[in-house]
Amino acid sequence: EDVKLLCEYIAENHSDSDFAIKARASVAGADILLGNDAAAQAGVDALIRDFAEDPELAGMLCKLGNIGWEGGKYDRAAELYQYVIDNWPKTEHEMRAKTGIAKLNISLGNDAAVEATIDSLIADFNDHPALPEMVIEIGLRYYGKAHYSEADGNDEQAAQHYLKAIAVWERVLAEFSPSASYTPRAYYISAVVYSQELRRYADGIVCYSAVVDNWPDYEYAWHAQYFVGMYYERLLKSGGIEESEALPKIEQAYKAVVENYPNSRSAPRALLKLAGSALRTAQWSQAAAYLEQFLDKYPDNPRVPDVLYDLARAYEQMGELELASNVYRWFMDMTDPNDCRLKTVQAKLNELEGQNK
């Protein structure tokens with residue numbers, strides 16, 4: 001309320017200020033959210049009357065439409081968007097207002113209207129550089145609606161909304177020329193929904209692979225590369241792929257993380273995945289090489305004690321008993337005093353020292 005009073009004071013007493021239009025819009029936005037319909041209408045009318053020549057007016061009205069939409073005041077939001085469409089045709093303001101209407105119709109469940117609005121946007125603004133991102137945002141509204149359905153326990157409805165989101169992003173991929181500014185994002189978020197939300201791992205892998213194969217410098221390419229390996233593992237576990245086909249692909253994906261994105265947050269995990277696979281298949285020398293690389297590159301990682309334990313085991317299996325003893329001691333110095341492995345390691349050290357005599 002105090003903020004509203006301050007904005008009212010600025011709007012009424014400093015009408016020539018650069019902040020006057022923002023103050024007037026803030027007052028109207030507060031009244032929209034509070035459900036003060038008469039005051040909100042008066043505020044919008046005053047905004048249009050007093051700032052008719054201000055280049056910020058259309059943008060402010062769109063923002064008020066967004067406030068109405070996000071606050072559940074759908075009729076008010078629709079009126080504001082439509083006013084912008086009617087008075088700023090063929091401009092970016094119209095494009096943004098139509099994007100708002102598409103999101104509004106998603107909230108209302110008017111899927112046919114959403115589709116028609118996207119058709120209109122692509123027909124009228126196909127060459128506008130901001131349009132692909134706006135279409136992506138429309139899809140994200142379906143994604144958000146899916147989360148609401150999940151929270152309500154309606155998983156079937158959630159799955160339908162996820163698929164609608166992907167359908168919107170597929171339009172970005174199919175109807176706009178590829179560009180580093182939006183295409184990898186459309187692939188990436190489609191992959192997240194396919195793999196994480198819908199458990200369609202093969203489809204997710206296709207989209208993640210499209211990112212790393214074509215846009216290796218994308219901001220989340222390192223994560224996409226890791227997810228290729230992780231979801232091949234999930235696909236194998238679910239029976240969707242034969243082990244003979246999956247294992248080389250998993251190894252290749254994790255190696256690519258280590259080699260191409262060594263400074264990413266996924267690189268340490270990828271090395272541990274590679275080492276774990278080598279340990280399970282008794283490839284001791286290879287496992288040791290991965291674990292040594294981990295210690296060299298990530299000496300401060302909290303997983304260091306686990307790596308030391310596994311490295312000592314690998315050395316032991318390789319017959320490198322002195323090295324194994326040294327690493328076991330290192331492990332004892334590094335790990336938590338309550339680590340349940342300490343007694344086992346002490347017994348192992350006694351055994352190894354006896355063998356070395």
Check your understanding: Quick one: do the Asn105 and Tyr74 side chains pair a donor with an acceptor below 3.5 Å?
Key -> no
Point to revise | Cation-pi geometry met for Arg269 and Tyr226 (6.0 Å, 45°) | key: yes
**Study point:** Hydrophobic cluster membership, Met318 vs Tyr328, 4.5 Å side-chain cutoff
**Key:** yes
Point to revise | Face-on cation placement of Arg303 at Phe294 ring, 6.0 Å and 45° thresholds | key: no
**Study point:** Listed once per pair and sorted, the salt bridge (charged side-chain N to carboxylate O under 4.0 Å, His left out) pairs that draw on residues 213-241, sequence neighbours left out
**Key:** Glu233-Lys273
**Study point:** Pair Lys90 + Glu94, salt bridge at N-O below 4.0 Å
**Key:** no
Practice item. Could you check whether the rings of Trp222 and Tyr220 sit parallel, tilted or perpendicular, using 30° and 60° as the cut-offs? Key: tilted
Check your understanding: Do the rings of Tyr187 and Trp215 sit parallel, tilted or perpendicular, given the 30° and 60° boundaries?
Key -> tilted
Check your understanding: Which pairs, with at least one residue in residues 163-177 and sequence neighbours excluded, count as a side chain to side chain donor-acceptor pair (under 3.5 Å)?
Key -> Asp111-Lys164, Glu115-Arg171, Asp119-Arg171, Glu170-Tyr194, Arg171-Glu175
**Study point:** Arg313 bridged to Glu316 by N-O distance under 4.0 Å
**Key:** no
**Study point:** Tyr143 vs Tyr162, ring-ring contact (aromatic ring centres under 6.0 Å, His included): CA-CA, chis, key distance, verdict
**Key:** CA-CA 6 Å; Tyr143 180 77; Tyr162 283 132; 5.7 Å; yes
Review point. Does any donor atom in the side chain of Gln41 or Asp45 lie under 3.5 Å from an acceptor atom in the other side chain?
Key: yes
Check your understanding: Among side-chain atoms of Asp86 and Gln82, is any donor-acceptor pair under 3.5 angstrom?
Key -> yes
Practice item. Verify the distance criterion only: is there a donor paired with an acceptor across the side chains of Asn350 and Gln346 at less than 3.5 Å? Key: yes
Check your understanding: Do you see a donor-acceptor pair shorter than 3.5 Å between the side chains of Ser266 and Ser264?
Key -> no
Exercise for review: Tell me yes or no: between the side chains of Glu242 and Ser244, is some donor less than 3.5 Å from an acceptor?
Suggested key: no
